[in-house]
Amino acid sequence: MLYLQPMILQGVKEKVKSGEMLPLMEEFYTIQGEGFHKGSAAYFVRIGGCDVGCHWCDVKESWNAELHPPTETSKIVENASKYSDTVVVTGGEPLTWDMTNLTDGLKRKGLKVHIETSGAYELTGTWDWICLSPKKMKLPLVNIYQKAHELKMIVFNKDDLRFAEEQALKVNADCILYLQPEWSRREKMIPIIVDYVMANPKWKVSLQTHKYLNIP
Ligand code: SF4
């Protein structure tokens, strides 16, 4: 039966390409720690695969999609629906893959579906909430800016404030603007962000509150 293995492998690859399967790194029920929905319970689905290459990335294990098992999206949907009415799809960069199948399945279950994305790849899927977090290394594609509900800019150094302003010019007028200190730089950057937000109140502060709560 060994001859079947390449065929099976090819079948899996095709299913991943179509979004019927996705490289699942982890899934867990927790509290959303960041941005507009912070403090709310949600089921997180972390999809493997990202080539954006942020040097401060805190989920570098997600980058290589091949390390994460291709998983039927129907199984992910089934798991999520047991825990929460809200699902946050994150990564990695989830838009590396076609999200249509996953979000269709989640919507059929009546779930609210949120995404956290750098926007570097084509926006697929149907989303109730889009958190766009642009990265200098690989900028978002043009189409996603006007669709984002929140813009979350990670601040590692002062130049990121300049970058944040540049990105804020591209989103729609209702998009909520957040500055969030990169975790390892929080002690240095929080005072700078606080001063900046008081001087430029169109911005709000976002903190990774789940890390303070010691939850995933
Ligand atoms: S886009 Fe996200 S997952 Fe990808 S390298 Fe940057 S922080 Fe990490």
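All heavy atoms count here, side chains included; hydrogens, waters and symmetry mates do not. Since the structure is predicted, the reported quantities are computational estimates derived from the model, not experimental observations. Just so you know, ligand 1 is whichever comes first in the structure, and atom 1 is the first atom listed for that ligand.
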Atom pairs and distances, donor-acceptor, side-chain atoms in residues 30-47, under 3.5 Å, two or more places apart:
residue, atom, partner, partner atom, Å
Thr30, OG1, Pro216, O, 3.2
Gln32, OE1, Glu34, N, 3.1
Gln32, NE2, Glu116, OE2, 2.9
Glu34, OE1, Lys152, NZ, 2.5
Glu34, OE1, Gln180, NE2, 3.3
Glu34, OE2, Gln208, NE2, 3.0
Ser40, OG, His37, O, 3.3
Tyr43, OH, Glu27, OE1, 3.0
Arg46, NE, Glu26, OE2, 2.7
Arg46, NH1, Gly91, O, 2.6

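- In this structure, the side chain of Asp128 engages the main chain of Val113 through a donor-acceptor pair within 3.5 Å.
- Cluster annotation: Val87 and Met99 are assigned to the same hydrophobic cluster (Ile/Leu/Val/Met/Phe/Trp/Tyr, side-chain heavy-atom contacts under 4.5 Å, transitive).
- The backbone N or O of Asn101 lies less than 3.5 Å from no partner atom in the side chain of Asp104, so there is not a single donor-acceptor pair.
- Near atom 4 (Fe) of ligand 1, less than 2.8 Å away, sit the protein N, O or S atoms Cys50 SG.
- Using a cutoff of 4.0 Å between basic side-chain nitrogens and carboxylate oxygens, Asp58 and Lys211 are scored as salt-bridged.
- The aromatic rings of Tyr83 and Tyr29 sit tilted relative to each other, their planes meeting at an angle between 30° and 60°.
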